[in-house]
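Quick note: residue numbers are just sequence positions, from 1.
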Amino acid sequence: GFRDAVADVEYDPMEFGDGEVEGNLLLDSVVKLYCVHTEPNYSLPWQRKRQFTSTSSAFAIPGRRILTNAHSVEYNTQVKVKKRGDDTRFLAKVLAISVECD
């Protein structure tokens, strides 16, 4: 699952003398999000509108979670995540969406 896609990394930024190692750790927390969206059809509630796809960026936060913009996963039917430097896409589950914070 997604657990393998993002590793929990704890480090002290003051520990590194150059910014290269610190920069790589920060870049490794950035992931690419692939989302399939299907908006509801309010005039015909038993049907859905046409699907569309989008890509966006997100970043890993503690607790093996990912944070992204609400519009990136709004009306999602499938969300996959890919880490930097890897072609493997991992299935993700949206836990919460706050459009007010977007």
Side-chain angles (χ1 to χ4, degrees):
F2 184 70
R3 177 178 307 152
D4 302 326
V6 178
D8 288 334
V9 178
E10 294 181 16
Y11 71 99
D12 180 7
M14 301 307 288
E15 182 178 315
F16 301 106
D18 61 351
E20 184 178 332
V21 175
E22 183 180 343
N24 286 340
L25 287 173
L26 292 174
L27 283 175
D28 286 343
S29 69
V30 177
V31 295
K32 189 168 187 176
L33 204 73
Y34 298 87
C35 188
V36 178
H37 309 265
T38 310
E39 289 186 48
N41 188 339
Y42 296 110
S43 59
L44 300 169
W46 55 90
Q47 295 180 353
R48 290 187 165 266
K49 294 183 180 178
R50 185 179 302 269
Q51 285 186 343
F52 65 96
T53 60
S54 70
T55 59
S56 56
S57 59
F59 58 95
I61 59 173
R64 300 193 184 278
R65 295 188 176 192
I66 296 208
L67 186 64
T68 190
N69 293 314
H71 66 267
S72 298
V73 293
E74 199 169 33
Y75 305 120
N76 72 82
T77 52
Q78 184 182 66
V79 178
K80 290 189 176 182
V81 180
K82 181 180 90 68
K83 66 181 181 174
R84 185 174 78 102
D86 191 357
D87 290 333
T88 308
R89 294 182 186 182
F90 297 90
L91 197 58
K93 178 181 174 184
V94 175
L95 299 177
I97 298 176
S98 176
V99 198
E100 296 83 16
C101 297
D102 197 7

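In terms of heavy-atom proximity, H37 sits nearest to S54 at NE2-OG, 2.7 Å. Closest approach of V73 and I97 over heavy atoms only: O-CD1, 3.7 Å. Heavy atoms only, all atoms of each residue included: V79 and L91 are closest at O-CD1, 3.5 Å. Residues C35 and N76 share a closest heavy-atom pair of SG-CB, 3.6 Å.
Using modelled atom types, one side-chain atom of D86 and one backbone atom of T88 make a donor-acceptor pair closer than 3.5 Å. The backbone N or O of K80 lies less than 3.5 Å from no partner atom in the side chain of R89, so there is not a single donor-acceptor pair. Under a 3.5 Å cut-off, the side chain of T38 and the backbone N or O of Y75 do not form any donor-acceptor pair.
Residues passing the ring pair (Phe, Tyr, Trp, His ring centres under 6.0 Å) test with F59: none are found, sequence neighbours excluded.
Rounding to the nearest 0.5 Å places OG1 of T77 at 5.0 Å from CD of Q51. Atoms OG and CD1, on S29 and I61 in that order, are 11.0 Å from each other to the nearest 0.5 Å. How far CG of N69 is from SG of C101: 11.0 Å, rounded to the nearest 0.5 Å. Put simply, OG1 on T53 and CD on Q78 are 10.5 Å apart, with the number rounded to the nearest 0.5 Å.
In the hydrophobic clustering of this structure, F90 does not group with V36; members are Ile, Leu, Val, Met, Phe, Trp, Tyr whose side-chain heavy atoms approach within less than 4.5 Å, directly or through other members. Cluster membership for V30 and I66, using ILVMFWY side-chain heavy atoms within less than 4.5 angstrom, is not shared.
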